[in-house]
Enquirer: 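Sharing a structure here in structure tokens format.
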Amino acid sequence: MPYASVPSGAEAFVFGMRFTVPVLLFARYADELGAESVNIALASPATAGDVLSAVLALPGGERLPRAPMVAVNLRYAALGDAVNPGDEVALIPPVAGG
Amino acid sequence: MPYASVPSGAEAFVFGMRFTVPVLLFARYADELGAESVNIALASPATAGDVLSAVLALPGGERLPRAPMVAVNLRYAALGDAVNPGDEVALIPPVAGG
Amino acid sequence: MRVEIVERAIDATALLNEVAAITNGASVLFVGTVRDVNGGRPVTALDYRAYSSMAEAELSAIALEAEARWTPGTIVCEHRVGSLALGDVSVAIVAAHPHRGAAFDACRYVIEELKKRVPIWKREHYADGERSWVENAAGAQRTHPRGAER
Amino acid sequence: MRVEIVERAIDATALLNEVAAITNGASVLFVGTVRDVNGGRPVTALDYRAYSSMAEAELSAIALEAEARWTPGTIVCEHRVGSLALGDVSVAIVAAHPHRGAAFDACRYVIEELKKRVPIWKREHYADGERSWVENAAGAQRTHPRGAER
């Protein structure tokens, strides 16, 4: 059953195709990682959770919460949501607008 | 017990003293009575209810509700509240501010 | 706290500025304007009449009730009387408070109580030339609540 | 409906005028301003930062939710980012509706959801020179609600 782990509803992808997505960081998360964005290398099929794991493994990533909010293409995403080439990912610290 | 009916808390008064109070009329009530104010003659001790009864007995008074809101000196009054010389009385139609 | 029955246009911005204070993080402004329709009937203009001295007394009482219940807060309110055209502002209420929930609740309290208690009357002018005094649907106190006592 | 993240002063009057319509009898404006104290600590200034493109997308979604729930109504909202001084307006929301209850409820909905969902962050500057990112007490979503799925 080699395809059992393919997320249903995911877009078409090529197994193992390598690509990079920008991950935007804000507020305390940007301070902790010392950057306002990082590029994360992925292999398809990739998910928001894969991006998060890679960011948490960066220097300073250990100071982030284990499961921060993630956005893909300007929308809050579940960790199982697909990330495709051309997508913009962001980690969203607890918000403080108003 | 000739004093049994004296309202407690009422101001000092002379039994049977005659006086007149202005009664202000507004909106539909003014239209029905054809006047924005009327003078009502009273004899002490007098109440807001006495004033109301006198207004309802005027020509056009039969077109007013039987128990409209009454104000004495800019405050909503109960019909048993005292009316004294110098007081300003008003009948208050259903309000429509806002 | 300031309340006033006015015979001129209401400047809502002036009311907002009046309550501006660095201790108040939240201001809620309610603005009521003359609508083109009431109960499905086209309205062309309005007259507001007030028993002004009592209206200001009652409105002061309401504002003080709100300030006492949602302390520390500030209420400013103006209600216009006279002839108003469609779109004119008839009433503006600002409630300012350190916290937004209290500012919303205080502002809402003042307009709800105003519509029930403040002696102001409205005569609508309709497209067919007729004019009629109207009553607030919710708050209208038709008759004396203690009338049955006598 | 219009929402915008702006880097200039907010003109609340312009927002009120924008929704003015003779079909809307009630407008409720919420204005948030920079307070001098937060959690008992004296604040001297603030920076607001936003993920502007997502903030406008999320704020649009909230405004459309409000307009769908309280129809027919109109929402206009601006949130300022950058350096703000004490007393500066950080956010203004207007909800206009034929009826006041809906205008209050819709305005309140937008500010409550904004504080929970819109990616904007605030760094307070304190009297002692320290600066610190703050989180909204009520709405802060610390971690991913579906984080446990993986």
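Throughout, a chain's letter reflects where its sequence line sits, starting with A, and its residues are numbered from 1. Because the structure is predicted, anything quoted here is derived from the model rather than measured.
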Enquirer: Non-hydrogen atoms of chain D under 4.5 Å away: do they reach the side chain of D31(A), the backbone, both or neither?
Expert: side chain
Enquirer: Output yes when E65(D) and R69(D) qualify as a salt bridge under the 4.0 Å nitrogen-oxygen rule, no when they do not.
Expert: no
Enquirer: What part of Y48(D) lies closer than 4.5 angstrom to a heavy atom of chain A: side chain, backbone, both or neither?
Expert: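 Only the side chain of Y48(D) comes within 4.5 Å of chain A.
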Enquirer: Answer yes when R41(D) and D128(D) have at least one side-chain N-carboxylate O distance shorter than 4.0 Å, and no when they do not.
Expert: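 Looking at D128(D) together with R41(D), the answer is yes, because their closest N to O distance falls below 4.0 Å.
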Enquirer: E58(D), E56(D), R80(D): which one forms the most heavy-atom pairs within less than 4.5 Å of chain A?
Expert: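 Highest number of pairs under 4.5 Å: E58(D).
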Enquirer: Going through the distances and angles, do L86(D) and V34(D) end up as a side chain to side chain contact (heavy atoms under 4.5 Å, CB included)?
Expert: CA-CA 5 Å; L86(D) 296 186; V34(D) 178; 3.8 Å; yes
Enquirer: Please test V89(A) against I40(A) for side chain to side chain contact (heavy atoms under 4.5 Å, CB included), starting from the C-alpha separation and ending with a verdict.
Expert: CA-CA 10 Å; V89(A) 182; I40(A) 295 294; over 6 Å; no
Enquirer: Working to the nearest 0.5 Å, report the span between CD of E36(A) and CG of L25(A).
Expert: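 Between E36(A) CD and L25(A) CG, I get 8.5 Å after rounding to 0.5 Å.
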Enquirer: Examine whether an atom of A61(D) lies under 4.5 Å from a heavy atom of chain A, and if so say whether it belongs to the side chain, the backbone or both; otherwise answer neither.
Expert: neither
Enquirer: Of the listed residues (S132(D), A57(D), P119(D)), which shares the most heavy-atom pairs with chain A below a 4.5 Å separation?
Expert: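 So the answer, after comparing S132(D), A57(D), P119(D), is P119(D).
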